[in-house]
Every structure is written in structure tokens, then in C-alpha cells.
**Student:** 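Sending over a structure as C-alpha cells; questions will come in a sec.
Since the structure is predicted, the reported quantities are computational estimates derived from the model, not experimental observations. Every heavy atom of this structure was used, including side-chain atoms; hydrogens, water molecules and symmetry mates were not. Below, chains carry the letters A, B, ... as their sequence lines are ordered, and counting in each starts from 1.
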Amino acid sequence: MAVVTRFAPSPTGFLHIGGARTALFNWLYARHHGGTFLLRIEDTDRARSTQEAVDALLHGLTWLGLDWDGEPVFQFSRQERHAAEAHRLVEEGKAYFCFASPDELTEMREKALAEGRSPKYDRRWRDRHPDEAPKDTKPVIRLKAPTEGATTIVDRVQGEITVQNSELDDFVLLRADGTPTYMLAVVVDDHDMGVTHVVRGDDHTNNAFRQTQLFQALGYDVPTFAHVPLIHGQDGAKMSKRHGAIGVDEYDRLGYLPEAMRNYLLRLGWSHGDDEIISTDQAIDWFDLDGVGKSAARFDLAKLDSLNAHYIKEADNGRLLDLIAPRLERLLSRSLTAADKTRLLAGMDGLKQRAKTLIELAEGSLFYVDSLPLPLDKKAAKALSEEGRKVLGALAGVLSGVDAWSEEAAEAAVRGFVEAEGMKFGAVAQPLRAAVSGTMASPALFEMLGVLGKEETLARMTAAIEGRIGRESPAA
RNA sequence: GUCCCCAUCGUCUAGCGGUCUAGGACAUCUGCCUUUCACGCAGAAAACACGGGUUCGAGUCCCGUUGGGGACGCCA
């Protein structure tokens with residue numbers, strides 16, 4: 001049977017890390033089996049659902065590279081079908097109208113809790129006749145759930161779990177206003193959409209018992225469940241907006257590559273032996289539910305950083321340039337010229353070794369295209385002491401005589417100068433580095449000279465020699 | 001409170017009764033490399049929550065304790 005999975009977020013906020021991983025697992029499972037990955041927007045809560053959230057969700061998934069098959073299904077649009085199924089159950093005697101008011105229910109729960117019992121609906125309307133109903137109360141429809149025996153789910157991650165039916169109550173299927181509850185909508189939609197595998201967060205495990213009862217009452221096949229452990233925040237509690245969870249888009253803005261995020265998320269709760277760096281193609285090939293662990297994981301930014309650094313090193317230079325260009329242009333307050341781009345591309349190999357995020361990459365690249373009085377950090381300023389500038393003055397004379405400029409030619413010239421003057425290499429290299437980059441944390445010296453070219457190198461040296469090194473850098 | 005789940009280095013994890021004096025990765029620390037910062041390389045420190053069983057033998061199976069998490073809505 002062909003595999004059909006689905007990701008079913010509710011559009012009440014952004015796509016957070018936990019949701020992103022759930023989506024990834026569903027996507028991977030479907031792709032691995034050559035199946036279908038569906039997207040369903042669970043917008044039956046009209047008060048909380050927003051179009052902005054829908055957009056954020058789609059954007060987040062797109063950024064992550066998780067493409068869904070077909071058009072997204074909006075659950076609210078299917079409410080008539082949901083209601084019809086609920087009424088069908090009433091006709092079949094498997095569900096009933098309940099006229100208990102919200103206040104009554106709240107009271108019931110509080111009393112139960114106070115007496116140390118489970119806060120469950122006491123089934124007061126299960127066997128009463130609707131003509132006993134209060135006149136102006138609109139009823140809800142509740143499932144007539146089994147009161148004896150037990151319900152067992154076979155979960156691909158959690159194993160076999162059994163719950164006594166006495167622990168469950170007659171949950172609401174259709175609200176008083178005629179709209180479906182989550183329980184009803186999920187079950188009907190999963191059935192109608194042909195979903196074969198329900199892969200979702202651990203927080204839904206308890207729902208699976210109720211949904212199993214509903215699947216059975218409706219006469220549907222029960223899909224295979226796989227409840228994956230939740231991702232916790234640094235404090236060990238469930239990720240939520242209040243617990244520092246940020247949207248997946250936010251990681252884009254913070255300079256993370258989607259492939260790094262995918263790799264990171266994959267390893268959070270899933271493993272394949274000792275493998276750590278796993279390309280998306282490899283992940284599709286390897287992914288299986290058997291590799292999903294049972295315990296919750298904590299989100300660790302440091303590990304994401306290291307993965308991101310890895311994927312930056314692997315990334316195509318042109319792509320990296322495109323990714324950092326907007327940030328660079330903002331920093332520069334002007335657009336990048338063709339010459340700028342050529343220069344950045346030439347220096348990219350050295351630059352990307354030094355960045356954990358695209359933000360760092362952009363900041364580290366800035367000096368290549370910055371305009372001339374370069375910002376100087378403290379250490380660089382120190383290297384450009386009077387002594388240092390004197391050395392640069394002498395060196396400039398030598399470098400201006402280099403005809404065929406290249407990284408190698410520049411190096412040969414500088415080394416020749418050092419030897420001729422009988423100086424220590426650092427005494428020349430440090431001021432040169434400072435003059436050319438404005439900082440003491442930069443790519444390799446001769447690489448920079450090669451990328452900058454003769455004219456620009458000399459211009460930067462001259463500016464430094466003349467003390468036109470004006471701009472103060474905020475970074476010490 | 002009730003029910004459900006989980007429990008290996010700080011973190012993510014390998015481990016599916018003996019090959020575990022417990023492996024990998026991130027982070028940390030130390031060296032090497034080096035003109036800087038990184039990268040890279042080499043190395044170090046670091047864990048089977050506790051208590052009972054079962055077994056010739058338990059990180060691996062069972063029970064309990066403790067700890068953590070989740071769920072108990074006319075939210076999803």
C-alpha cells in the first residue's frame with residue numbers, strides 16, 4: 001500500500017522547531033517510500049486562526065525545502081462533511097446529543113479535581129431523551145465511547161500502549177454551533193485523505209486512543225501511528241512561544257542554511273548509527289521510523305552552529321554571495337557593484353572557512369568591499385603605530401614595483417622585503433594586515449592581497465601610511 | 001490529582017544479554033599547524049539516576065523508587 005503522510009499544523013502562530021521536525025519526518029517518510037506528503041491546515045478554531053499564520057507556515061516549510069504534494073487542505077472548508085459524519089453516528093446510535101452547559105461542565109471538572117478524580121464528563125446525557133432538554137440550549141454531539149474494556153494503539157515509536165476505557169470519556173464531536181472539534185475533523189480528514197501513517201508529536205499520544213475509538217465507530221481503518229518525542233527548550237520544558245521557541249523563518253534571518261537545519265532536526269530524535277553529517281538525499285534513503293528514539297531532546301544552538309558552519313563551507317560560492325549580498329548592501333548603504341561581487345567571489349573560499357552563520361560571513365566579508373577609510377579595530381590600530389606605518393611606507397615602494405600581481409607575486413615581494421631589511425616577518429605582516437583589512441582577524445594575508453589586487457592594496461596602504469584610517473570600529 | 005510516556009558524558013546520541021575497562025558528534029580543555037582569526041589535525045576530561053530481582057553473565061530483560069515530560073477543553 002502506498003504511503004500517505006500529512007503535516008497538519010493549526011495556523012495560530014509561526015512554524016516552530018517542533019512542528020518543523022514533525023513536518024520533516026513526515027516528508028522524509030513519504031519520500032523514502034515514494035509516497036505522498038500532504039499538507040492540511042487545521043483552521044477549525046476560527047477565533048485563533050489567521051491568514052498571517054497560514055502564510056508563515058507555508059513560507060517556513062518552503063524555506064526548509066519540504067515540498068508538499070497537491071494543494072493544502074483547509075480543514076474548515078470541510079466542516080459540512082464533518083458534521084454529516086457526526087450526525088450519521090447519532091443516527092447509528094454511536095453518538096448522542098448532550099445539553100450540558102459550559103458552566104455545568106466547568107463545575108463538573110472542578111468538583112472532580114477537588115475530589116481527586118479525573119476531570120471527565122460524567123455522561124449525564126448519554127441515556128437521556130432529547131425531550132428532557134432545556135429549551136434554549138443548543139446541544140453538542142458526543143461520541144458514545146465504550147465504558148468497559150480497554151483501547152490499545154500500536155505505535156511505531158512508542159510500541160503498544162493500552163489505556164482502560166474507564167479513563168476516557170464521551171468527548172465532543174460537534175460543537176453547539178455546528179462546527180467540528182479537532183477530534184472529529186482529524187479522523188474524518190485523515191480517512192478521506194487516505195492517510196496511512198500519522199506521524200506527529202508525542203503530545204498527541206493520548207488523543208490517539210480517542211481517535212482510535214472514533215475511527216472504529218465511523219467504520220474507518222485505523223492508520224499507523226508514530227508519536228515522536230517532543231523537542232524541549234533549554235529549560236527542559238515543552239517548546240512554546242513562551243519558552244523561547246522562535247519561528248523557523250527566524251533562523252533564516254539569523255543566517256542558518258536550510259540544509260543545516262534539516263540535518264540538525266533530523267538528528268534530534270532520530271539516528272542512524274554514528275552518522276552525524278547527513279545530506280538530504282542520504283536522509284531520504286536512510287529514514288525510517290525504527291530509528292526514532294523514545295526520549296525527548298533539548299534544542300542546542302551550538303550544535304546547529306557547527307552544522308551550519310559545515311554546510312557553509314560546502315556551499316557554492318555564488319549562492320553564498322547571493323545570500324549575503326542584501327546584508328552587505330545594508331551595511332554599506334549602497335548596492336554591490338560587479339567589481340565588488342568579483343572580489344567577494346574571489347575571496348569566498350577563505351571567507352567561508354571562518355563563518356558559522358551567514359551573518360558572520362557577511363561581517364567577515366565586508367572589508368573587501370568597504371570604502372576607504374576602513375574601520376579599524378583596536379588591535380589593528382595598534383599595529384599601525386608610527387613604526388608600523390614607516391614599515392608600510394618602505395614596503396609600498398617595493399610592492400608598487402611588482403608587475404604581474406598575484407597572490408604568489410605579492411608574497412614573494414613581501415618576503416623579499418622582510419629578508420632584505422632583516423626584519424621579523426610579523427613586524428611587516430601585522431601592519432600590512434591591519435592596513436588592508438582593518439582588523440587582526442582576517443583571511444590569510446597574501447590571499448587578501450591577491451584578491452584585492454595591486455591598485456587596491458596600494459591604496460589601502462597609502463591611506464594607512466597617511467593616517468587616513470579614521471573610522472572607529474565598534475568591535476574591539 | 002488521574003492516566004500515559006521517558007531515563008547512557010553538559011547537549012544530541014550509538015548500544016538491541018557476553019565483543020562495554022561504554023563508541024561517535026557538539027561544546028569544553030591541551031597540543032600541533034600558522035603572519036592574525038579561523039579551518040584542519042592529534043589528544044584530554046566527561047555518562048549507563050537509585051534499589052531490588054531474572055540470568056553463568058545486565059547499560060541492555062522485569063519490578064519498584066526517584067526525577068523529568070506529556071495529556072486530561074464546545075483548543076489544536
Side-chain angles (χ1 to χ4, degrees), chain A residues 8-12 42-45 47-49 75 98 100-102 105-106 109 112-121 138-142 155 157-159 161-164 166-169 171-177 179-183 185-186 201-209 227 229-230 232 234 236-238 264 267-277 293-307 309 313 350-356 360 364 379-380 383 414 418 424-430 432-434 437 439-446:
Chain A
S10 62
T12 54
E42 309 225 317
D43 55 352
T44 52
D45 183 346
R48 296 201 301 156
S49 300
Q75 195 158 55
C98 166
S101 70
L105 261 13
T106 307
R109 263 192 295 276
L113 239 22
E115 291 170 8
R117 303 189 335 266
S118 239
K120 298 190 308 259
Y121 170 65
K138 283 227 192 295
V140 299
I141 291 179
R142 286 180 183 271
D155 192 287
V157 173
Q158 308 289 338
I161 312 173
T162 299
V163 147
Q164 295 305 310
S166 58
E167 294 298 328
L168 275 12
D169 64 1
F171 56 93
V172 174
L173 265 22
L174 206 64
R175 298 184 186 110
D177 66 3
T179 60
T181 60
Y182 161 77
M183 287 299 172
V186 184
D202 216 355
D203 50 343
H204 285 287
T205 307
N206 289 291
N207 291 331
F209 297 104
H227 290 95
L230 300 177
H232 291 162
Q234 300 287 7
K238 182 182 178 181
Y264 177 71
R267 284 290 289 108
L268 221 49
W270 180 86
S271 62
H272 183 270
D274 283 338
D275 295 300
E276 295 286 350
I277 303 289
K294 296 179 82 173
S295 53
R298 289 188 191 209
F299 187 79
D300 179 26
L301 202 61
K303 186 132 181 183
L304 210 210
D305 277 344
S306 90
L307 247 8
K313 289 183 194 80
L351 256 13
K352 67 182 181 182
Q353 293 302 120
R354 297 169 167 74
K356 287 202 291 289
E360 289 181 12
K379 283 183 185 167
V414 172
V418 169
K424 282 177 67 177
F425 189 80
V428 177
Q430 302 297 43
L432 218 207
R433 175 188 309 285
S437 73
T439 167
M440 297 309 285
S442 71
L445 181 58
F446 300 118

**Student:** Across all strands shown, which nucleotide pairs with B:rA71 by Watson-Crick or G-U wobble geometry, both distances under 3.5 Å?
**Tutor:**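 Its partner is B:rU2 (Watson-Crick or G-U wobble, both distances under 3.5 Å).
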**Student:** Is A:D300 paired with A:K303 through a side-chain N to carboxylate O contact shorter than 4.0 Å?
**Tutor:**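 No, no charged N to carboxylate O under 4.0 Å.
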**Student:** Starting from P on B:rC3, measure out to CD on A:Q164 and report it in whole angstrom.
**Tutor:**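 For the pair A:Q164 CD and B:rC3 P, the rounded distance is 11 Å.
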**Student:** Rounded to whole angstrom, note down the P distance from B:rA25 over to B:rC72.
**Tutor:**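 Taking atom P in both B:rA25 and B:rC72, they lie 41 Å apart.
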**Student:** So if I take every side-chain heavy atom of A:S442 and compare against B:rC5, B:rU36, B:rC12, which nucleotide ends up nearest?
**Tutor:**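 When the side chain of A:S442 is considered, B:rU36 is the closest of B:rC5, B:rU36, B:rC12.
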**Student:** Any donor-acceptor pair under 3.5 Å between the side chain of A:N207 and the base of B:rA76?
**Tutor:**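 Answer is yes: a donor-acceptor pair is held.
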**Student:** I need the CH2-P distance between A:W270 and B:rG15, as an integer number of Å.
**Tutor:**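 Between P of B:rG15 and CH2 of A:W270: 11 Å.
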**Student:** Please state the P separation for the pair B:rG59 and B:rG18 - nearest whole angstrom.
**Tutor:**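 Each nucleotide's P atom is 11 Å from the other's.
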**Student:** Would you call A:D169 and A:F171 a side-chain contact if the rule is heavy atoms closer than 4.5 Å?
**Tutor:**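 Yes, close enough: below the 4.5 Å cut-off.
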**Student:** In whole angstrom, give me the gap between the C1' atoms of B:rU13 and B:rA27.
**Tutor:**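 It works out to 14 Å between them.
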**Student:** Looking at every heavy atom in both A:A100 and A:L105, which two are closest together, and how far apart are they?
**Tutor:**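 Closest approach of A:A100 to A:L105, heavy atoms only: CB-CD1, 3.7 Å.
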**Student:** State which of B:rC26, B:rC74, B:rC4 makes the closest approach to the side chain of A:I161.
**Tutor:**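 It is B:rC4.
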**Student:** Between the side-chain atoms of A:K303 and the base atoms of B:rA25, is any donor-acceptor pair under 3.5 Å?
**Tutor:**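 Such a pair exists between side chain and base.
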**Student:** If you round to the nearest 0.5 Å, how far is NE2 of A:H227 from CG of A:N207?
**Tutor:**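 NE2 of A:H227 is found 7.5 Å from CG of A:N207.
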**Student:** What nucleotide, of B:rG24, B:rA7, B:rU36, holds the atom closest to the side chain of A:S295?
**Tutor:**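 Selected nucleotide: B:rA7.
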**Student:** Could you please name the option among B:rC74, B:rC3, B:rC5 that lies closest to any side-chain atom of A:V163?
**Tutor:**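 Nearest listed nucleotide: B:rC3.
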**Student:** May I ask which nucleotide in the shown strands pairs with B:rA7, Watson-Crick or G-U wobble, both distances under 3.5 Å?
**Tutor:**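 Partner of B:rA7: B:rU66.
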**Student:** Give a yes or no answer on whether the side chain of A:T181 reaches the backbone of A:L173 with a donor-acceptor pair at less than 3.5 Å.
**Tutor:**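 Confirmed, A:T181 side chain pairs with A:L173 backbone.
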**Student:** Can a donor-acceptor pair under 3.5 Å be found between the side-chain atoms of A:D202 and the base atoms of B:rG70?
**Tutor:**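 Side chain to base: no pair present.
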**Student:** Which whole number of Å gives the distance between the C1' atom of B:rA44 and that of B:rC9?
**Tutor:**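 Straight-line distance between the two C1' atoms is 14 Å.
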**Student:** Can you tell me, in whole Å, how much space there is between the P of B:rG68 and that of B:rU11?
**Tutor:**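 Their P atoms lie roughly 15 Å apart.
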**Student:** In whole Å, what is the span from the CG atom of A:D203 to the P atom of B:rG70?
**Tutor:**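 Going from CG in A:D203 over to P in B:rG70 covers 9 Å.
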**Student:** If you measure from the C1' atom in B:rG51 to the same atom in B:rC39, how many Å do you get, rounded?
**Tutor:**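 These two C1' atoms come out 49 Å apart once rounded.
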**Student:** May I ask you to verify if any side-chain N or O of A:T12 is less than 4.0 angstrom from the OP1 or OP2 atom of B:rA76?
**Tutor:**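 For B:rA76, neither OP1 nor OP2 has a side-chain N or O of A:T12 closer than 4.0 Å.
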**Student:** Is A:G426 touching bases, backbone alone, or none of the nucleic acid, heavy atoms closer than 4.0 Å?
**Tutor:**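 The residue A:G426 makes no contact with any strand.
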**Student:** Roughly how far apart, to the nearest Å, are B:rA38 and B:rG31 at atom P?
**Tutor:**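 The same atom, P, in both gives a distance of 14 Å.
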**Student:** Rounded to whole angstrom units, what separation is found between the CG atom of A:L304 and the P atom of B:rA27?
**Tutor:**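 Result: 12 Å.
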**Student:** Which nucleotide, B:rA25, B:rC39, B:rA27, lies nearest any side-chain atom of A:E276?
**Tutor:**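 Among the listed nucleotides, the one closest to the side chain of A:E276 is B:rA25.
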**Student:** To the nearest angstrom, how far is A:M183 atom CE from B:rG73 atom C1'?
**Tutor:**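 After rounding, the gap between these two atoms is 10 Å.
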**Student:** Check the phosphate of B:rA76 against A:T44, side-chain N and O only, distance under 4.0 Å to OP1 or OP2. Yes or no?
**Tutor:**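 So the side-chain polar atoms of A:T44 do come within 4.0 Å of the phosphate oxygens OP1 or OP2 of B:rA76, strictly under.
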**Student:** What is the distance, to the nearest angstrom, from the NZ atom on A:K352 to the P atom on B:rC39?
**Tutor:**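 Those two atoms, NZ and P, are 16 Å apart.
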**Student:** In the structure shown, which nucleotide is the Watson-Crick or G-U wobble counterpart of B:rA45, with both distances under 3.5 Å?
**Tutor:**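 Its partner: none found.
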**Student:** Under the criterion side chain to side chain contact (heavy atoms under 4.5 Å, CB included), I'd like the reasoning laid out for A:F209 against A:I161: C-alpha separation, chi angles, the key distance, then a yes or no.
**Tutor:** CA-CA 9 Å; A:F209 297 104; A:I161 312 173; 3.6 Å; yes
**Student:** Could you check which nucleotide pairs with B:rU21 in any of the strands shown, counting Watson-Crick or G-U wobble with both distances under 3.5 Å?
**Tutor:**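 No nucleotide pairs with B:rU21.
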**Student:** Taking OP1 and OP2 of B:rG68, is either one under 4.0 Å from a side-chain nitrogen or oxygen of A:R298?
**Tutor:**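 A:R298 to B:rG68 OP1/OP2: no side-chain N or O under 4.0 Å.
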**Student:** Could you say whether A:E167 or A:A100 is positioned toward the 5' end of RNA chain B, judged by the nucleotide with the nearest heavy atom to each?
**Tutor:**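 Of the two residues, A:E167 wins.
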**Student:** Assuming nearest nucleotide by heavy-atom distance, tell me which of A:A297 and A:F209 is located more 5' along RNA chain B.
**Tutor:**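 On the 5' side of the pair lies A:F209.
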**Student:** For B:rC72, does either OP1 or OP2 sit under 4.0 Å from a side-chain N or O belonging to A:K120?
**Tutor:**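 Indeed not, no polar side-chain atom of A:K120 lies that close.
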**Student:** Closest approach of A:E42 and A:P11, non-hydrogen atoms and distance?
**Tutor:**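 What the structure gives for the nearest pair is O-CD, 3.2 Å.
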**Student:** Whole angstroms only, please: what is the CD-C1' distance between A:Q158 and B:rG69?
**Tutor:**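 Taking CD of A:Q158 and C1' of B:rG69, I get 11 Å after rounding.
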**Student:** Salt bridge between A:E360 and A:R354, side-chain N to carboxylate O under 4.0 Å?
**Tutor:**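 Looking at A:E360 and A:R354, the cut-off is not met.
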**Student:** Take the protein atom CG of A:D274 and the nucleotide atom C1' of B:rA14, then report the distance between them rounded to whole Å.
**Tutor:**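 Going from CG in A:D274 over to C1' in B:rA14 covers 5 Å.
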**Student:** Given B:rA76, is OP1 or OP2 found less than 4.0 Å from the side-chain N or O atoms of A:R48?
**Tutor:**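 False: A:R48 side-chain N/O out of range (4.0 Å or more) of B:rA76 OP1/OP2.
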**Student:** What I want to check is whether an N or O donor and acceptor connect the side chain of A:R354 with the base of B:rC37 at under 3.5 Å.
**Tutor:**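 Answer is yes: a donor-acceptor pair is held.
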**Student:** Picking from B:rA76, B:rG10, B:rG73, which would you name as closest to the side chain of A:D300?
**Tutor:**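 Closest nucleotide to the A:D300 side chain: B:rG10.
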**Student:** Quick one: label A:P9 by what it contacts on the DNA or RNA (base, sugar-phosphate, nothing), any heavy atom closer than 4.0 Å.
**Tutor:**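 Nothing, no heavy atom under 4.0 Å.
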